[in-house]
Participant: 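Sharing a structure here in structure tokens format.
Note that ligands are numbered from 1 as they come in the structure, with each ligand's atoms numbered from 1 the same way.
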Amino acid sequence: MELNVLVLPGDGIGPEVTREAIRVLERVAAKWGHALRLSEGLLGGAAIRETGGPFPEETQALALKSDATLLGAVGLSEYDDLPPSERPEKGLLGLRKALDVYANLRPVYCYESLIEASPLKNNIVRGTDILIVRELTGGLYFGQPRGIDGSGNGETAVNSMVYKRSEIERVCRMAFELATKRRGMLTSVDKANVLENSQLWRRVVTELASEYPEVELAHMLVDNCAMQLLLHPASFDVVVTENLFGDILSDEASVLAGSIGMLASASIGNRLPNGVWRGLYEPVHGSAPDIAGRSMANPLAAIGSVGAMLHYSFGLSEEASAIESAVSKVLKSGNVTADLHPTGQPASTQAVGDAICAAIG
Ligand code: NAD
């Protein structure tokens with residue numbers, strides 16, 4: 001199969017973890033005989049430095065030409081004082097919008113060999129296997145009007161949480177479909193006791209439920225969900241929620257997996273004319289400036305994102321499973337980075353990449 005993949009290493013640890021993920025992708029392509037066509041582009045702080053903006057037109061054109069995009073992370077502290085519209089993170093929001101990847105899939109899985117890496121008690125995290133489906137192209141991050149206006153005591157900031165019925169429906173439909181392929185449970189998370197936005201969300205999800213009688217639907221308020229994720233994580237299967245709630249809950253859920261360096265994500269949009277699902281694949285973590293350039297970053301979230309790319313965009317389940325098995329094997333061997341609290345000397349980012357490639361064979 002021909003795999004046209006755009007790579008956007010980004011900032012901080014982005015290039016470090018992406019390098020290992022690409023080596024794994026090359027290994028898989030060589031072993032299974034796929035033609036890998038890689039291109040590379042600029043996004044985030046790296047793009048601001050080179051072009052003056054976080055999301056150059058050339059990057060957008062490359063992304064629209066590719067079947068799938070692999071992103072490292074964006075964010076540089078030197079740009080922290082810029083307004084949101086000029087910051088590196090704006091590049092990422094622009095990319096998601098341009099690709100119309102509206103459903104962000106974030107699996108949270110607790111490997112038995114990592115059970116001690118979570119600060120939560122073993123009996124709580126054991127058996128955790130959650131798929132968080134976060135709406136990605138609407139809500140507070142994109143809603144208009146937005147901005148800061150006025151001065152003195154009257155200075156006012158506005159952000160708008162806006163959702164159309166069609167935007168809620170398409171992401172929730174995807175969540176129902178995914179639940180039918182898993183344990184058949186879907187928790188829709190909202191704040192319907194306070195927000196009209198959530199009331200519409202709840203109404204639309206409830207209407208859709210009649211089309212999926214095999215899925216058991218539950219509604220949960222976001223504040224309660226934040227608590228239940230830490231009290232009874234193993235009771236969740238698929239969780240669907242709007243953009244901001246999903247952003248926060250999935251970072252919280254990373255504690256269940258042992259480290260944010262373990263969490264991969266897939267952002268899926270529409271099917272391309274060649275039958276491939278257009279997708280953007282990226283670790284959940286950010287650019288981690290505190291550890292950048294020290295070869296300490298855990299590359300497994302980026303490597304897991306390559307596995308998700310093979311599975312969702314290209315339908316290559318055998319190859320994706322080979323990556324999952326390799327990750328499981330390497331975790332058992334204890335050859336892991338410092339964030340996973342290894343008993344011996346922590347492995348470097350590159351050593352973990354080497355071990356995954358070796359395990360794939
Ligand atoms: P972060 O995810 O970068 O880091 C949070 C903590 O987790 C840090 O202690 C970091 O060292 C650790 N960590 C993160 N990834 C790790 C990995 N692979 N291996 C080991 N440890 C890891 O979040 P932050 O510090 O809040 O943000 C830093 C920058 O990243 C900011 O500019 C922020 O805007 C940006 N950011 C970008 C994205 C993205 O590109 N998708 C997501 C979140 C934050």
Participant: Hydrophobic clustering (ILVMFWY, side-chain heavy atoms < 4.5 Å, transitive) - are L200 and Y141 grouped together?
Facilitator: no
Participant: Going by the atom numbers of ligand 1, which of them fall below 4.0 Å from some non-hydrogen atom of I260?
Facilitator: 7 (O), 13 (N), 14 (C), 15 (N)
Participant: Would you say I291 and ligand 1 have an N/O pair spaced under 3.5 Å apart?
Facilitator: no
Participant: Do D100 and R278 meet the salt-bridge criterion of a basic N to acidic O distance under 4.0 Å?
Facilitator: no
Participant: Check this for me, if you would: do E319 and K31 make a salt bridge, where the nitrogen-to-carboxylate-oxygen distance has to be below 4.0 angstrom?
Facilitator: no
Participant: Should N298 be counted as touching ligand 1, given the test is an N or O pair under 3.5 Å?
Facilitator: yes
Participant: Is the Lys NZ or Arg CZ of K191 less than 6.0 Å from the centre of F245's six-membered ring, within 45° of the axis?
Facilitator: no
Participant: Please list, in number order, the atoms of ligand 1 under 4.0 Å from a heavy atom of E282.
Facilitator: 41 (N)
Participant: I'd like to know if E20 and R23 make a salt bridge, using a cut-off of under 4.0 Å between side-chain N and carboxylate O.
Facilitator: yes
Participant: Is there a nitrogen or oxygen of E89 sitting under 3.5 Å from a nitrogen or oxygen of ligand 1?
Facilitator: yes
Participant: So is D290 in contact with ligand 1, going by heavy-atom distances below 4.0 Å?
Facilitator: yes
Participant: If hydrogens are left out, which of G286, G75, S287 has an atom nearest to atom 29 (C) of ligand 1, that is, the closest non-hydrogen atom?
Facilitator: S287
Participant: For ligand 1, does P289 get within less than 4.0 Å through its side chain, its backbone, both, or neither, judged by non-hydrogen atoms?
Facilitator: side chain
Participant: Pick one: which of E135, E207, E211, E167 meets salt bridge (charged side-chain N to carboxylate O under 4.0 Å, His left out) with R173?
Facilitator: E211
